[in-house]
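Scroll down for the structure; my scribbles are underneath it.
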Amino acid sequence: MPNRFYVTTPIYYVNDVPHIGHAYTTIAADVLARFYRLRGDDVFFLTGLDEHGQKVQQAAAKAEIDPQAHCDRLMPTFKDLWTKLDISYDGFIRTTDPQHQAVVQRCLQTLHDKGLIYQAEYTGWYCTFDERFWTEKDVEQGLCPDCQRPVEQVSERNYFFRMSQFQDRLKKHIHVHPEFIQPDSRRNEVLGFLQKPLEDLSISRPKSRLSWGIELPFDKDCVTYVWFDALVNYFSGLDYLGTHANAPAFWPASVHLVGKDILTTHAVYWSTMLMGMERPLPQSIFAHGWWTVDGEKMSKSRGNVVDPFAMIKEFGTDAFRYFLLRQVPFGQDGDFSLSSFHSRYQAELANDLGNLVSRTLAMLGNFSQHMVPRSDPQTETDLDHSLQQTASALSEKIEQHLRALEFHRALEAILGLVQMANQYIDKTAPWILAKDPEKKSRLQTVLFHLVESLRFLTLALAPFMPHTAETMKTRLGLTVDISTPTLGKGPIWGEYDYIHPVTKGTSLFPKKDLPSTSAHQPASSPTASPTTEKKIDKATPQSPSASTDSDTPLIGIDEFQKVQLKVAKILEAERVPKSSKLLKLQVDIGTEKRQIVAGIGKKYAPEELIGKTIVVVANLKPAKLMGIESQGMVLAAGEKEVLSLLTVQEEVQTGSKVK
RNA sequence: GGCGGUGUAGCUCAGGUGGUAGAGCAGCGGACUCAUAAGCCGCGGGCCGGGGGUUCGAGACCCUCCACCGCCA
């Protein structure tokens, strides 16, 4: 019988605008779900929305619509994001689902029957915005300590859950099961919280004040308080969602992923509720960190909330998934900035992984007619064996790290194989082997080892970057279905018969310019009046990639016009020391002088160039070549070798636009 | 105020049970050309927050001070 794995995200408040935090938790859960599915485990992955509460009621009233209609209107934004992020949830729960409400009522009745719920008078300072009471000590100058809004004194009869009864049992459970609350530092905090006497938990509100909620089965005048309603989703969802016939058997959850702000709620409220209902506790609750943006706390008022939709549009779903999990250990806070995203994208995805795929497939095209050769054991070396070993150990490493929710380490291990493969190419230098017919057998061995490494990478990447894995699979001509269990105990080196030709295709991760600040969403929510949003956030143009593939995609005129071409005159030219083909040019582009380093030294001597009229790209990002800054690029014809510089037919003014 | 954590190269961080400091990024230099001007190779004297102590020997153990962070009040 396969292992069961049940992972949850919190249910997100439907009134929120989805941001990087929502995306983070959900992506992490998705990676786990995909990973365990590939191993052949029976997986249930639940996410959803919290749709009750004061704020929804108020927002609906303001919009003059029914609260349910309000929820129905907001819900698709989340589902849409999950679709765009390739989130493979098995169940999407809404707390307004009638089946969920029925389960909540059943739970309340159970606890009531056991005498664990009682009624009492409660007086306290209430914050309408946060929907919670504060004690006298908390309130500062009549303001809510959390949101700084005015609080009001409210006295009402509420129902309470006898949470205090379970304090010792919970403490013991945490001590006996160190994996129950993670990371360690958070477990200590919870234990610290439990040092003081635990109070009973208020679980109801009078309908007169809050009507948008689930009615108490034993008191028609009250609805249940938001947490009781929300937490129960973790097993109510199993009851009626998804396709698994035996879904209820998934309880207890393998792991609840939560943000650190709602750890106490889960570790203490939820656990004691479960104890009261005599249900087993989840195996673990993992509190992950928060994202700051450019070093600052993310907030609507700052207007620096990262919009996942914008990031996906700019860099693609897989790059976004990769960055979030790679950048920061899962339990720690992390900082999000476009420049850190960009540099990781550029270095690890474009240069390391993307280019590895590109150069390997190119060599198969050039040296092996696009077919994957067999390895000849006679020609194998230690180099080959250590590559094989690293690849073969990868799957287990990833499993180890994912069991500890160390996503960043898992990705680090994957990148380690990428780097090793890149080194392998340089050490074996297939282009040299290709020149010597006697080395053909060795060449084939090398190419085989490379392709086989890419196959291992494809499978390893599948949970993290499903789209990329699918593309690599196609390029490699693999016929395996990577949406079904393929990992098992991990792939075996040499087990696969390559019978289809490989295809190079376009760049997996094309290089990008660093975008300007377009990733932040406007401070207003989608429900706000449209007049608050006048500025149009222009997406930053990205430079066209200089691909020479035959399958280069078509571009529009607007894209071409991003390239600023100018007529220029060469003023000075000299060879770059120790380089056979680089020349350092000083050119006049009309408005200014520029230094350009160009790889035209094999075709042209410096002295013959002075005074020549040429065409240059004037808005290319400066780059250093052999330590010398180049502030542009000269245009020349030729494939690999430069054959001719571009010039203009008639005499035109230096600095003229070329279009 | 109570409890806990952190402070190591420009940046982000690793450094089980003590033996004279490491990685990635950035920077500099080199050889090459299969590849997305990518990749590969080489180059790291940083009072390991300050002070004191234990020890033959401490970034690592103890004490103390300083700074920052988290949870609770």
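Chain letters run A, B, ... following the sequence lines, proteins first, then strands; residues in each count from 1. Small disclaimer: the values here were computed from a predicted structure and weren't measured.
Distances shown here put a side-chain N or O of A:K511 below 4.0 Å from the OP1 or OP2 atom of B:A38.
Residues A:Y24 and A:F330 place their aromatic rings such that the two centres sit under 6.0 Å apart. Ring pair A:F323/A:F336: centre-to-centre distance below 6.0 Å.
In terms of position on RNA chain B, the residue among A:A347 and A:F509 whose nearest nucleotide sits closer to the 5' end is A:F509. Residue order along RNA chain B, read from the 5' end via each residue's closest nucleotide, puts A:R409 first among A:V418 and A:R409.
Looking at the side chain of A:K196, the nearest of the listed nucleotides B:C34, B:C72, B:U36 is B:C72. Set against B:C34, B:U36, B:G39, the side chain of A:N422 has B:G39 as its closest nucleotide.
Residue A:A350 is classed as a base contact, given a heavy-atom separation below 4.0 Å to a base. Among the heavy atoms of the strands, none lies under 4.0 Å from A:K260. Using a 4.0 Å heavy-atom cutoff across all strands shown, A:D352 reaches sugar-phosphate atoms only and no base atom. Residue contacts shown for A:L508 include a base, since a base heavy atom lies under 4.0 Å away.
Taking 4.0 Å as the cut-off between side-chain N and carboxylate O, A:D436 and A:R442 do not count as a salt-bridged pair. With respect to A:R359 and A:D426, a salt bridge is recorded, a charged nitrogen being found less than 4.0 Å from a carboxylate O.
A straight line from NZ of A:K504 to P of B:U36 spans 4 Å, rounded to a whole angstrom. We find that NZ of A:K435 is positioned 10 Å from C1' of B:C34, with the value rounded to whole Å. Between the CD atom of A:Q423 and the C1' atom of B:G42 there is a distance of 13 Å, given to the nearest Å. Nucleotide B:G70 holds its P atom 14 Å from the CD atom of A:Q332, rounded to whole Å. Rounded to whole Å, the distance from CH2 on A:W431 to C1' on B:A31 is 12 Å. With rounding to whole Å, A:F341 atom CZ is found 20 Å from B:C11 atom C1'. One can place CZ of A:R344 at 13 Å from P of B:G24, the figure rounded to the nearest angstrom. The distance between atom OH of A:Y345 and atom C1' of B:A38, rounded to the nearest whole Å, is 13 Å.
A:R321 places a side-chain heavy atom less than 4.5 Å from the side chain of A:P466. Two residues are said to be in side-chain contact when any heavy atoms from C-beta on lie closer than 4.5 Å; A:V418 and A:L457 meet this criterion.
Side chain A:N351 to base B:G39: no donor-acceptor pair is found below 3.5 Å.
Base pairing annotation: B:U6 forms a Watson-Crick or G-U wobble pair with B:A67, both donor-acceptor distances under 3.5 Å. B:G45 makes up no base pair with any nucleotide shown, lacking Watson-Crick or G-U wobble contacts both under 3.5 Å.
Within residues 175-195 of chain A, the residues approaching RNA chain B are A:R186, A:E189, A:F193, by heavy-atom distance under 4.0 Å.
Atoms CG and CG, from A:D294 and A:L338 in turn, are 7.0 Å apart once rounded to the nearest 0.5 Å. Note that CZ of A:R409 is 11.5 Å distant from NZ of A:K397, once rounded to the nearest 0.5 Å.
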